[in-house]
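Bear in mind that the values here come from a model prediction, so they are computed numbers and not experimental data. Counting starts at 1 for both ligands and their atoms, following the listed order.
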Amino acid sequence: MSGTVRHFITTQSLEGGELTEVLDEAIQLRSRVPRNDLAGKVVGLIFFNPSLRTRTSMEIAVASLGGKTVVMDVGAGVWPMEWLEGIRMEGAAAEHVRDAANVLSRYCDAIAVRSFPDGKDWKEDRLDPVLQAFVRHSTVPVINMESALTHPLQALADLLAIRDVARDPRGKRLTLAWCTHPKALPLSVPNSVALIASAAGMTLTIACPPGYDLPEEVLTQVEGNNRKSGGTIRIVHDLAEGMEGAAFVYAKSWGSLRTYGRATEGLRDRERYRDWRITEPLMARTDGGRFMHCLPIRRNVVADDAVIDAPTSLVYAQAANRLAVQKAVLLRLLASQPASKRKEAR
Ligand code: CP
């Protein structure tokens, strides 16, 4: 969150003690008592992809602070959109993000965007093209509701869930456990888990099959965070080994960068790791480990019912925290900004 217009694209922009401040503020905001801090403010929620938690929790968070939301499903109620600059728009897209962002900036005080990766070419997706197009062309804050690269609102909710259990996350052992899945899922959640765990000084283990390493640039940021926070990272290619002694197990599947964009090859590769599923015997290897997942989860594929539904599972706490952390982020971005600002200097 920096610059003249404060966007919220990644937790990496929370500098100094800001990460702790946001979470402290979120705790204060857990109360369901309605407030009016965002009275007169409008937040546009643009979805290029489906959502249950993000959509509902953003709508409820804005409403509970006295603001209003306008929800737009791209290609279903609003025009399909193009984001590449200078392209001749002869395909399905009738609207360019350049125009959509400029127009919505005149109606809204912030624009929140969900845009998953295209999944064809990592060279393109690593640039987070849709979200960055909104950042380029919006004159109001842009909030990332999950992009090709990160899911920062989820990461804040996750760290809050960890803090609720461990109080001080520094030095606590978190295992990010790759799990099997029929689809090559985006890297946004695992990237964000690694970034926020390292920012919080946690002892992170990533357990993933060979070829499923997180992007180089994310690992570089993790190392940078660790230098400041005292956190550590190790990568193991054995799930059982990765579970040993963990205080928190974050299960998540993601696609391999090695087979990126090649669906059949990717599926064939993941077939080799079908037994990478979180089970009770695996959880027994942890140090009373708490189970985490961002949801939605494919039950008995990614993790067994017995693990997801165990009293030690944090999945609903993580989801519940979305409300509080989103309120905290919205207040930071919008509460001090006059409602009339969006109509100025156009
Ligand atoms: N965790 C999460 O972002 O859920 P949705 O995809 O349902 O929004």
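Judged as a salt bridge (Lys or Arg N to Asp or Glu O under 4.0 Å), the pairs with a partner in residues 305-315 (not counting sequence neighbours) are, in order, Arg299-Asp305, Arg299-Asp309.
By the 6.0 Å and 45° rule, Arg55 stacks over the aromatic ring of Phe47.
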Side-chain donor-acceptor contacts of residues 261-272 below 3.5 Å, not counting sequence neighbours, with atom names and distances?
unit_1, atom_1, unit_2, atom_2, d
Arg262, NE, Glu265, OE1, 2.7
Arg262, NH2, Arg258, O, 2.8
Arg262, NH2, Glu265, OE2, 3.3
Asp269, OD1, Arg272, NH1, 2.4
Asp269, OD2, Tyr212, OH, 2.7
Arg270, NE, His181, O, 2.9
Arg270, NH1, Gly266, O, 3.4
Arg270, NH2, Pro182, O, 2.9

Can you give me every donor-acceptor pair (side chain of residues 184-199, partner residue at least two apart or in another chain, under 3.5 Å) with its distance?
unit_1, atom_1, unit_2, atom_2, d
Ser188, OG, Glu146, OE2, 2.6
Asn191, ND2, Leu149, O, 2.9
Asn191, ND2, Leu187, O, 3.3
Ser192, OG, His151, N, 2.7
Ser192, OG, Ser188, O, 2.9
Ser198, OG, Ala194, O, 2.8
Ser198, OG, Leu195, O, 2.9
Ser198, OG, Asn225, ND2, 3.0

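Pocket lining of ligand 1, defined as residues with a non-hydrogen atom under 4.0 Å away: Ser51, Leu52, Arg53, Thr54, Arg114, His151, Gln154, Cys294, Leu295, Arg322.
Checking each of Asp128, Thr150, Thr11, Thr10 against Asn144 for a side-chain hydrogen bond (donor to acceptor under 3.5 Å, both in side chains) leaves exactly one that passes, namely Thr150.
For CZ of Arg30, the number of neighbouring non-hydrogen atoms (other residues, nucleotides, ligands) closer than 6.0 Å is greater than 12.
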